[in-house]
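Comments concern the structure below.
Whatever order the structure lists ligands and atoms in, that order sets their numbers, starting from 1.
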Amino acid sequence: MRNKVTEILGTEYPLIQGGMANIATGGFAAAVSNAGALGLIAAGGMNTEELKRNIQICRQLTDKPFGVNIMLMRPEADKMAQLVIDEGIPVVTTGAGNPAKFMPLWKEAGVKVIPVVPSVALAARLERLGADAVIVEGTEAGGHIGELTTMALVPQVVDAVKIPVIAAGGIADSRQLVAAFALGAQVVQVGTCLLVSEECPIHENYKNAVLNAKDTDTTVTGRIAGVPVRIIKNKMAREYIKREKEGADKMELEKYTLGSLRRAVFDGDVETGSLMAGQVAGMCNSIRPVSEIIRDMFEKSAPVLERLSAQFGRA
Ligand code: TUI
């Protein structure tokens, strides 16, 4: 399924991989790009040197286009913004902040810039600054999230901007894919459903936690501190939310979560680690290759559309 945006991205499918800090290595991004979507190396969790090495690894593993996701809360975001230019990376996605200050630099260098936006206002502002598309990520997503749902926010951004909209948050199968396109998105971004891929380099305990999660098993830490993060419920989530309600200060909470994502990803610590995952974790029940997960979403969309047109046709 090709459209104008897949032509810009150079992909077979209108699908991009979510940022996935500490998870999306060069190897993982290459697997996604080789599957016909856009893989992205997550700079969040890496230093600039590590990012450079992962770009090299990705280049060795795929001849398809791939991008870099820059987590704007990282201290090295500035250096990384320059590195993607020096390395000739064609597409950058950004998350967890406003990338306005980097826009002139990236536009000048011909980098395609696709920021995550949690509101219509930021989408419109970044369109004016030259964003090539925006990722509208609903609060169903895993990791750092905004307030609004995909269902409510995607059509409002679609109405407010002319650039293509990429829907994210709550998309794991063909029904949700079709729904995202019905809302006006031209591309989707997925993350959680790729956590259970064969190629995803997270610890098997983390993978099993996603496989076993049910619909109500995610929660949000950090709402009071202003850094809401969706994770799978565990001891750390319960403790964090309890301390938050008791009025613990930001610094104390930060110390509590420091390194918690790394503990989950690398050590498989499912008790005190942050198991970032979206609300669709409850429907990600089997481990499959990335290529099969993506192909399935698109192949199974045809019967979904047939069912819809039969239903609407009868009305
Ligand atoms: O960035 C994400 N998801 C992430 S980043 C991450 S790493 C992390 N580790 C520990 C604590 C927190 C994060 C894990 N998951 N998604 C994209 C996203 N961007 N969600 C929300 C936003 C966002 C929020 C505010 C984008 C822009 C924004 O702008 C605020 C402003 O300044 O206007």
Side-chain angles (χ1 to χ4, degrees), residues 16-24 40-47 51 67-77 80 92-103 113-129 131 133-150 153-154 157 166-171 188-192 194-195 202 206 218-232 236-237 240 244 250-251 253-266 272-279 281:
I16 71 171
Q17 169 224 310
M20 304 168 85
N22 278 306
I23 296 171
L40 290 120
I41 300 168
M46 293 180 191
N47 60 35
L51 176 59
V68 168
N69 170 265
I70 300 206
M71 209 286 228
L72 295 165
M73 284 181 351
R74 294 282 302 175
E76 290 193 33
M80 290 170 171
V92 168
T93 65
T94 66
N98 180 345
K101 72 168 182 175
F102 300 124
M103 297 291 292
V113 187
I114 313 183
V116 170
V117 292
S119 66
V120 168
L122 192 57
R125 173 148 186 245
L126 292 170
E127 177 180 47
R128 284 196 298 276
L129 292 177
V134 281
I135 301 163
V136 176
E137 192 181 275
T139 197
E140 300 93 321
H144 182 48
I145 49 171
E147 284 281 335
L148 298 169
T149 61
T150 304
L153 186 57
V154 170
V157 176
I166 301 177
I171 302 168
V188 294
Q189 174 188 279
V190 298
T192 302
L194 299 177
L195 286 175
I202 54 174
Y206 189 164
T218 71
T219 188
V220 180
T221 59
R223 277 214 197 275
I224 296 171
V227 194
V229 174
R230 183 176 301 285
I231 62 175
I232 294 177
M236 126 87 188
Y240 187 106
E244 216 175 11
K250 259 182 161 181
M251 289 298 282
L253 289 169
E254 223 161 84
K255 252 191 251 157
Y256 195 67
T257 48
L258 212 62
S260 61
L261 175 59
R262 295 183 73 86
R263 276 203 300 281
V265 173
F266 300 114
T272 77
S274 264
L275 303 160
M276 295 188 187
Q279 291 182 334

| said: I want to check something: taking the side chain as every heavy atom from C-beta on, are Gln17 and Gln189 in contact at a cut-off of under 4.5 Å? | reply: no
| When only distance counts, is Ala96 in polar contact with ligand 1, meaning an N/O pair under 3.5 Å? | yes
| Can you tell me the protein heavy atom closest to atom 27 (C) of ligand 1 and the distance? | Gly97 O, 3.1 Å
| message | Students should be able to answer this: which protein heavy-atom is nearest to atom 11 (C) of ligand 1, and at what distance? | response | Val229 CG2, 4.1 Å
Output a table of donor-acceptor pairs, distance under 3.5 Å, between side-chain atoms of residues 114-129 and any protein atom two or more places apart or on a different chain; print 'none' if there are none.
from, atom 1, to, atom 2, distance (Å)
Ser119, OG, Leu122, N, 3.2
Glu127, OE2, Lys162, N, 2.6
Glu127, OE2, Ile163, N, 3.1

| task | Report the part of Asn22 in contact with ligand 1, treating N, CA, C, O as backbone and CB onward as side chain, heavy atoms under 4.0 Å; options are side chain, backbone, both, neither. | result | neither
| note | atom 14 (C) of ligand 1: closest protein heavy atom, distance to 0.1 Å, is Met276 SD, 3.5 Å
| How far does NE2 of His144 sit from CD of Glu137, to the nearest 0.5 angstrom? | 9.0 Å
| Spacing of CG belonging to Leu261 relative to CE belonging to Met20, to within rounding of 0.5 Å | 10.5 Å
| So which pairs with a foot in residues 93-102 pass side chain to side chain donor-acceptor pair (under 3.5 Å), sequence neighbours left out? | Asn69-Thr93, Asp78-Lys101
| Distance-only side-chain donor-acceptor flag, Thr219 / Arg230, under 3.5 Å | no
| request: Give a yes/no on ligand 1: does Gly19 have at least one heavy atom closer than 4.0 angstrom to it? | output: no
| Check: Met276 and Tyr206 side chains under 4.5 Å, non-hydrogen atoms | yes
| message | Tell me the protein heavy atom at minimum distance from atom 29 (O) of ligand 1, and give that distance in Å. | response | Leu122 CD2, 3.5 Å
| query | Counting heavy atoms only, which part of Leu72 comes closer than 4.0 Å to ligand 1: side chain, backbone, both or neither? | reply | neither
| Which atoms from ligand 1 have a heavy atom of Gly95 less than 4.0 Å away? | 1 (O), 17 (C), 19 (N)
| query | At what distance, to the nearest 0.5 angstrom, does CD1 of Ile231 lie from OG of Ser274? | reply | 4.5 Å
| said: I'd like to know if the side chain of Glu140 pairs up with that of Thr150 as donor and acceptor (distance under 3.5 Å, no hydrogens or angles considered). | reply: yes
| So, do Asn22 and Phe266 sit near enough that their side-chain heavy atoms are less than 4.5 Å apart? | yes
| task | Could you check which of His144, Arg230, Arg74, Met71 puts a non-hydrogen atom nearest to atom 21 (C) of ligand 1? | result | His144
| remark: Among Ile23, Val116, Thr93, the residue with a heavy atom nearest to atom 26 (C) of ligand 1 is Val116
| task | Could you list which atoms of ligand 1 come closer than 4.0 Å to a heavy atom of Gly143? | result | 14 (C), 15 (N)
| said: Looking at ligand 1, would Pro118 count as a contact under a 4.0 Å heavy-atom criterion? | reply: yes
| remark: ligand 1 atoms nearer than 4.0 angstrom to some heavy atom of Ala21 are 7 (S)
| remark: Closest to atom 32 (O) of ligand 1 among protein heavy atoms sits Asn98 CB, 3.8 Å
